[in-house]
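A short write-up of the structure that comes next.
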Amino acid sequence: FCGNDLFKSVYGEGSCAFVLESRESALGRNAKIYAELLSFESSMNIGAFDSQNTDGTGLESTLLKALKNANLKACDIDFAVFAPMGNACDLKLKDICEKYFGHAAKVCTSLKTGYMQSGSSLNALSLLLCALEAKSSAFGANALNKDFANIAVFASPRTFNNYAMV
């Protein structure tokens, strides 16, 4: 725990993982392909461990690099996936989501533990991919009438890390 347990959080690692393989390998074994990773970017905002890391410039830069490397613009994104934690750090997620993805459907969840914003956003992504595969009506006809959906996943916990994947 940190000092006076300022944030009332359990500090510990959690996990969420996706198995990645090349498209050729997956097609070669007739595997069901749920998604294709076009770009991944990460960065760090170094600051005091007990700070809230509310400055969104690192996350914004990371997100824009991921979009650029995927040859996409923010307006191409159909779903914005993130994981609010119920603290001041959420403001940068909200601001970036409104600035770049006001048009997109929002998908989020939170596991509410120390570093789990990253794991929570990957969990939300897995639920979205399953829902799209099942042609769930929860996401509206526009997303279901496409052969694919462009999805941006981003996270920036209060512990300095930023990541975005498209």
Full working for side-chain contact (heavy atoms from CB on, under 4.5 Å) between Tyr100 and Phe154
CA-CA 12 Å; Tyr100 294 101; Phe154 53 100; over 6 Å; no
Would you name the heavy atoms of Ala80 and Cys97 that are closest together and state the gap between them?
CB-SG, 4.0 Å
Given 3.5 Å as the limit, does a donor-acceptor pair link the side chain of His103 with the main chain of Ala74, or not?
yes
Heavy-atom side-chain proximity of Lys106 to Phe82 below 4.5 angstrom
yes
Looking only at atom types and distance, does a side-chain atom of Asp78 sit under 3.5 Å from a main-chain N or O of Asn150, one as donor and one as acceptor?
yes
For the backbone of Thr62 and the side chain of Asn162, can you confirm whether one donor and one acceptor N or O come within less than 3.5 Å of each other?
no
Contacts of Lys99 meeting salt bridge (Lys or Arg N to Asp or Glu O under 4.0 Å) (sequence neighbours excluded), chain-then-number -> Glu60
Counterpart residues, salt bridge (Lys or Arg N to Asp or Glu O under 4.0 Å), relative to Glu41 (two or more places apart)
none
When rounded to the nearest 0.5 angstrom, what is the spacing between CG in Leu59 and CG in Leu93?
6.0 Å
Taking all non-hydrogen atoms of both residues into account, name the closest pair between Ser43 and Gly58 and its distance.
OG-O, 3.6 Å
Tell me whether Val107 shares a hydrophobic cluster with Leu37, the cluster being built from Ile, Leu, Val, Met, Phe, Trp, Tyr side chains joined at under 4.5 Å.
yes
I'd like to check Lys92 versus Asp95 (side-chain heavy atoms, cut-off strictly below 4.5 Å). Are they in contact?
no
For a quick test of reading the model, state the closest non-hydrogen atom pair linking Ser42 to Phe40 and the distance between them.
CB-CE2, 3.9 Å
Using side-chain heavy atoms (C-beta onward) and a distance below 4.5 Å, is Val166 in contact with Leu67?
yes
Please say yes or no: joined through hydrophobic side-chain contacts below 4.5 Å, possibly via intermediate residues, are Leu20 and Val81 part of one cluster?
yes
Side-chain contact test, heavy atoms from C-beta onward, threshold under 4.5 Å: evaluate it for Arg29 versus Glu21 and give yes or no.
yes
Look only at the side chain of Asn69 and the backbone of Ala66, and say whether a donor-acceptor pair between them is shorter than 3.5 Å.
no
Applying side-chain hydrogen bond (donor to acceptor under 3.5 Å, both in side chains), name anything that partners Ser61, two or more places apart in sequence or on another chain.
none
Should Ile151 and Tyr34 be counted in the same cluster of Ile, Leu, Val, Met, Phe, Trp and Tyr side chains packed under 4.5 Å apart?
yes
